[in-house]
Structures are given as structure tokens and as C-alpha cells.
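Read the structure below first, then the notes.
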Amino acid sequence: MNHRLRLLPLQIVAVLSLLCFLFGLWNRLFFWPLLLLGPLLLLGLWDMQQKGHSLLRNFPLLGHLRYLIEGLGDPMRQYIVENNREGRPFNRDFRSLIYQRAKNIEAKKPFGTELDVYEPGYLWMSHSMVPKEVAKELPRVNIGGPQCSKPYSASVFNISAMSFGSLSGNAIQALNKGARMGNFYHTTGEGGVSRYHKQHGGDLNWQIGSGYFGCRAPDGSFSADLFAEQASLEQIKMIEIKISQGAKPGHGGILPAGKITAEVAEARKIPIGQDCISPAYHSAFTTPIELLEFVARLRELSGGKPVGFKLCFGHPHEFLAICKAMHKTGILPDFIVVDGGEGGTGAAPLEFSDRIGFPLREGLAFVNNALVGIGVREQVRVGASGKTAAAGLIAGAMALGADWVNAARAFMFCLGCIQAQMCHSNHCPVGVATQDPKLQQALDVDDKAARVANYHRNTLHMLNEIAAAAGLEHPTLLRPEHFFQRTGAVGAQSCAELFITLAPGELLAGTDKPIIARYWDMAQAESFTPIRSLAS
């Protein structure tokens with residue numbers, strides 16, 4: 001919808017109001033319609049100047065239809081659930097939880113859960129009869145192994161990768177300002193560090209993808225000089241190499257030419273007027289050893305800042321090849337972020353979103369155990385992302401081995417995202433995922449930054465309450481045995497039983513767990529190609 005049409009309802013009301021007033025001077029009967037038109041006109045004018053709802057600022061009067069439809073409540077909700085044939089979860093309640101916490105509204109409801117607790121896969125946490133006192137300090141984690149000279153103290157809940165270019169400048173500003181207010185970090189996304197990332201001084205995790213945006217040579221390869229210059233910024237606390245992402249693992253990305261403004265081109269070091277393509281794979285490394293050498297090189301070029309990589313877990317033998325490379329070279333990443341195949345805020349092919357990549361639980365558990373199995377888990381931190389925004393889901397990820405969790409869509413909801421699913425079109429109605437200056441001006445940076453900080457704080461307070469309910473003094477003490485998963489209509493197992501658990505150094509000593517042993521024998525430090533097939 002173009003800018004004139006989005007204001008059309010208000011313009012019609014204004015014209016009709018004026019006509020009724022003028023004709024009313026001739027015949028008082030024309031004053032009667034003003035009883036309806038007058039309040040509508042005032043409401044539309046109020047919509048345009050208020051800051052709490054970006055949709056209403058961009059679509060005065062018309063935007064209220066969205067809230068009217070949502071107000072239909074359970075009948076419409078039930079209709080959507082019953083007609084959801086693809087099995088995608090309906091997350092209106094989840095979105096409402098985020099909105100409430102972002103606005104400092106107590107998120108409680110009566111009459112128990114609406115989840116089917118007897119459905120296979122249902123996950124719950126066991127609690128203690130002697131709960132602990134709830135910790136007052138929000139939990140943090142130190143990131144930076146023995147090869148890092150500038151470790152970083154991070155919150156256990158941070159903003160996951162969303163690039164400038166995909167998101168608007170106002171959206172990036174609100175996220176970063178919220179991160180500064182809440183003392184947590186903001187991952188840049190692979191689109192580089194823009195002026196909007198720098199404007200409010202929030203801590204940054206600079207993500208570098210296969211396009212090397214922000215440290216990109218003219219031929220599209222990695223530029224060490226550009227990287228070193230950017231990485232010297234005090235605001236950048238960590239560097240994250242993106243190998244793959246949950247939305248579309250093993251698939252490249254594209255930013256349409258229509259969304260590439262001069263500012264996007266400046267941040268990414270790319271030309272204007274043509275689609276920006278991210279390859280599916282990196283050119284700076286091709287083997288597990290070369291990946292770790294690239295990690296060590298970035299750590300040196302950045303002056304000793306923590307460097308790690310992010311991946312959606314895929315072939316098990318490939319990750320074990322990286323583990324063998326760690327053991328062979330002695331080079332350790334400071335952290336690894338595991339993305340779930342169910343994650344992703346950006347547009348992606350449907351088949352990739354639905355069917356490719358390990359879900360977070362399985363991928364996270366494998367990565368954690370592999371690092372334990374080669375005896376380096378204490379030196380390498382593990383993060384997690386993939387629909388992990390509620391405190392209960394954060395607790396579940398930490399129980400399976402995560403030291404901290406990142407979230408993207410939850411913070412997009414804090415910005416006012418209504419899931420219009422127009423992110424790729426440059427027509428986002430609430431100004432979150434667009435480079436259109438007239439659409440993004442509706443997103444008030446100060447208002448949404450406060451919501452970002454509120455949501456972070458309130459979610460971590462709830463995480464502390466969950467840990468206390470389990471009888472623990474800190475969320476980092478959560479373990480697989482604290483969570484149970486239903487395995488059928490009757491019966492359940494603890495996550496400690498469901499997932500393979502390795503002892504420290506067990507892979508190096510020789511494990512007796514057959515499937516892990518086979519994948520370990522397939523892996524080689526010198527190549528991602530397996531030595532043999534799983535069946536051999």
C-alpha cells in the first residue's frame with residue numbers, strides 16, 4: 001500500500017467532516033453526522049502522533065481493524081488451530097506474553113495450562129519441595145577461553161542476529177539502545193556494523209557471514225585490514241563467524257536491490273542498485289583446521305577479543321571433524337552458538353524452514369557432549385538460539401548445555417512486529433523490516449528501546465524464579481535430569497536418559513556408545529568429507 005492510500009481513511013473522514021460542517025451552517029441536519037465523524041477524526045489524529053503503536057502511526061484508523069480482529073478471541077484462535085494443517089504452532093499467546101513483559105504488565109493467567117500435557121514431546125521441569133530464595137542479580141556468563149586476552153561478561157539472554165538492511169535503522173537503534181539500557185549484547189547480523197548500531201553505544205557481537213560484509217574486499221573475499229579497523233571499536237565485544245542459520249542452513253541469502261540504500265551499502269561495503277547475495281559457504285576456509293585457523297586469525301586481528309562461530313547442527317561427523325581439529329591443532333574457539341532448525345526470523349524457502357537442520361534440543365545436546373568428550377567443554381562456551389525466548393525455554397536450553405541464549409523474534413515483537421510476513425517486500429506496516437523512511441518513522445526508538453530492556457529484565461527475573469523452584473541457586477546449575485519429556489500417550493523420560501551423555505575425554509579415550517563411536521571414526525580434522533560411510 002502506498003503512502004497516500006494508507007492515509008486514505010483518515011483523509012476521507014476529514015473531508016466528510018469539513019463538508020458536514022460547512023453544509024451544517026446552511027442546514028443543521030448536516031451537523032448530526034459530525035457526532036460520528038468528529039470522534040473518528042480525533043482518533044485518527046491521535047493515532048498519527050502517539051508512540052506506543054507503530055501500526056496505528058502508519059495506518060491511522062485503518063490499523064484498528066487489526067486489533068478488532070484479534071479481539072474476536074478464542075473462536076478465531078480455534079479456527080486457526082483447527083485449520084493449521086502444516087503443523088506450524090500458533091503463537092498468539094506467546095506473542096502476548098512478550099508484549100506484557102515488554103510493557104511491564106504482570107504476565108499471569110487463571111485456570112491452568114492450555115497445553116496438551118499428554119501429547120508426545122511435551123517437556124516439563126521437575127521442581128523441589130525445598131525451593132531456594134530467588135536470586136536478585138540477573139545471571140551472567142564470562143565468555144573467553146585461555147587463548148583470549150579480552151574476555152567478555154555477557155548476560156545469559158541477548159539479541160540474536162538481525163541485520164541492518166533486513167531491519168530498519170530505527171529498529172536497529174531501538175534494539176541497541178535497549179541492549180545498552182539492560183546491559184546485554186546485540187548481535188549485528190551478517191549485514192555489518194552500521195551507523196545505527198553505533199549510535200547508542202550498546203555492546204555488539206559482530207557477526208561475519210560468508211559475504212564478509214563490513215570486512216569485504218572488492219572481489220567479495222575477506223579483507224583483514226577492513227576487519228582489523230572495524231574490530232578495534234570498543235563497542236564490539238565479540239566476533240561470531242556465521243557458518244549456517246536455523247531458517248535456511250546450507251542455503252545462501254539475498255537482500256533485494258530495492259532494500260539497498262546508501263546506508264546499507266555503506267555498512268556492507270557493497271554497490272547500490274543490485275541484489276546483495278550471500279554465498280552458501282565461506283571462501284576464507286574449506287576444512288575444519290582452516291576454520292580454526294581463521295578463528296585464531298580473527299582473534300589476533302581483533303586484539304584478543306572472544307571469537308567463535310554459529311551453526312545450525314547438521315552432519316554429526318562434520319562437527320566431530322571440528323572437534324578433532326581442535327584436539328590436533330590446540331586452537332579453541334571461545335564460543336559456539338547452536339541454532340535450531342526451527343529458528344529464524346528472515347524469509348526462507350518453506351522446505352528449508354520446515355525440514356532441514358537439527359532442532360535445537362538435539363543439536364545443542366550433541367555439541368555440548370562432543371566438547372565434553374574431547375575434554376574442552378570448560379574452555380569453550382556454548383550459546384543457543386531457536387525459538388528460546390520464554391524463560392522456561394531458556395531454562396530448558398541451559399539444562400541441555402547452553403551457557404546462554406539468544407533470541408530474535410521475541411525482540412522483534414518488542415519493536416511492534418505483528419508478523420505481517422512482509423519482511424522481504426520492503427512494505428513492513430510497522431516500520432521494523434523496511435528501508436522505506438515513511439514507514440519506519442512510525443517506530444519510536446525511545447519507546448521501543450524501553451520495551452526491549454523491560455522484556456529482557458522481566459524474562460531473566462522469571463528465569464531466576466524457575467531455577468529457585470527447582471531448588472537451585474543459579475540457572476547455570478540446571479541439568480538434563482531437571483527436565484522430563486513425554487515419550488508417548490503414557491510414559492516419560494528425563495532428558496538425562498533421552499540424550500547420550502559422555503564423560504570428560506571419553507571420545508579421545510574411546511567411547512563404548514556405538515553411534516557416537518561410528519560418527520567419530522568417520523570424522524577427520526583435515527576435511528569435512530567423511531573417511532567412510534556410517535554403514536561401513
Side-chain angles (χ1 to χ4, degrees), residues 46-58 63 66-67 94-108 136-140 154-162 164 166-189 194-205 235 237 345 388-391 394 404-419 428-434 439-465:
W46 167 255
D47 288 344
M48 293 184 69
Q49 65 85 37
Q50 57 80 39
K51 298 179 179 180
H53 299 281
S54 301
L55 182 67
L56 296 181
R57 293 187 77 183
N58 273 334
R66 178 245 180 174
Y67 300 104
F94 175 67
R95 199 167 70 236
S96 296
L97 169 69
I98 295 169
Y99 287 158
Q100 288 173 321
R101 290 198 171 142
K103 296 178 182 179
N104 280 331
I105 300 171
E106 192 171 29
K108 292 183 178 181
K136 293 181 174 56
E137 296 292 325
L138 300 184
R140 302 188 70 81
S155 169
V156 299
F157 187 39
N158 303 281
I159 300 172
S160 195
M162 294 177 283
F164 171 60
S166 296
L167 297 193
S168 68
N170 278 15
I172 294 294
Q173 283 191 71
L175 289 172
N176 193 257
K177 185 173 182 179
R180 180 178 60 79
M181 293 166 64
N183 194 20
F184 55 103
Y185 77 68
H186 174 197
T187 307
T188 63
S194 71
R195 64 181 69 179
Y196 299 110
H197 287 97
K198 302 174 187 177
Q199 195 159 336
H200 298 284
D203 289 352
L204 291 175
N205 175 27
Q235 194 178 348
K237 304 299 182 181
T345 56
T388 51
I394 296 173
W404 83 93
V405 164
N406 296 334
R409 83 182 60 216
F411 288 106
M412 285 184 72
F413 290 158
C414 294
L415 299 179
C417 172
I418 59 171
Q419 289 186 296
C428 173
V430 291
V432 174
T434 178
L439 288 174
Q440 65 173 290
Q441 69 182 1
L443 194 158
D444 185 79
V445 172
D446 292 337
D447 177 73
K448 297 304 186 286
R451 293 189 184 187
V452 167
N454 290 342
Y455 175 67
H456 172 267
R457 182 185 64 255
N458 291 329
T459 299
L460 286 190
H461 278 309
M462 181 54 62
L463 179 63
N464 280 346
E465 290 192 32

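Computation of the quantities below employed the complete heavy-atom set of this structure, encompassing side-chain atoms and omitting hydrogens, waters and symmetry-equivalent molecules.
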Value rounded to 0.5 Å, distance of OG1 in T459 from CG in L138 = 10.5 Å
Salt-bridge test for K51 and D446: reply yes if a basic N is under 4.0 Å from a carboxylate O, no otherwise.
-> no
Could you check if a side-chain atom of L175 sits within less than 4.5 angstrom of a side-chain atom of M162, using non-hydrogen atoms only?
-> yes
Verify, without hydrogens or angle tests, whether T187 (side chain) and I159 (backbone) share a donor-acceptor contact under 3.5 angstrom.
-> yes
Between K448 (side chain) and M412 (backbone), is there a donor-acceptor pair under 3.5 Å?
-> no
Proximity of Y455 and F411 rings by center, below 6.0 Å | yes
Scanning both residues in full, the closest heavy-atom pair of Q441 with N170 reads CA-ND2, 4.0 Å
Any S168 side-chain heavy atom under 4.5 Å of V432 side chain | no
Heavy-atom pair of closest approach, residues Q440 and G169 = OE1-N, 3.2 Å
Nearest-0.5 Å distance that lies between atom CG in L97 and atom CD1 in I105 | 11.5 Å
dist D444:CG -> L415:CG (nearest 0.5 Å) comes out at 11.5 Å
Taking side chain as C-beta onward, heavy atoms only, is R57 less than 4.5 Å from Q49?
-> no
Nearest non-hydrogen partners of K198 and Q235, listed with the distance | CA-OE1, 3.4 Å
Checking R180 side chain against G202 main chain: does a donor-acceptor pair fall under 3.5 Å?
-> no
Please state whether the rings of F184 and H456 are parallel, tilted or perpendicular, taking 30° and 60° as the class boundaries.
-> parallel
Is there a donor in the side chain of R451 and an acceptor in the side chain of N454, or the other way round, less than 3.5 Å apart?
-> no
Which heavy-atom pair separates L460 from F157 by the least distance, and what is that distance?
-> CD2-CB, 3.6 Å
Side chain N58, main chain L439, donor-acceptor under 3.5 Å = yes
Could you tell me the separation between the CD1 atom of I172 and the OH atom of Y196, rounded to the nearest 0.5 Å?
-> 10.5 Å
Considering all heavy atoms, the nearest F164-S194 contact | CD2-CB, 3.5 Å
Between C417 and V430, the two heavy atoms sitting closest are CA-CG2, 4.1 Å
Just checking, any donor-acceptor pair under 3.5 angstrom between side chains of N406 and Y185?
-> yes
Taking atom CD of E137 as the centre, does the number of heavy atoms from other residues, nucleotides or ligands within less than 6.0 Å exceed 12?
-> no
Distance only, no hydrogens: is a donor on one side chain within 3.5 Å (strictly under) of an acceptor on the other, for H200 and N176?
-> no
Without swapping roles, check the side chain of S155 against the backbone of R140 for a donor-acceptor pair under 3.5 Å.
-> no
Ignoring hydrogens and angles, state whether a donor on the side chain of N104 or N458 is under 3.5 Å from an acceptor on the partner side chain.
-> yes
When you measure from the side chain of Q173 to the backbone N and O of Q199, does any donor-acceptor pair fall under 3.5 Å?
-> no
CG/N205 to NE2/H186 distance, rounded to the nearest 0.5 angstrom?
-> 10.0 Å
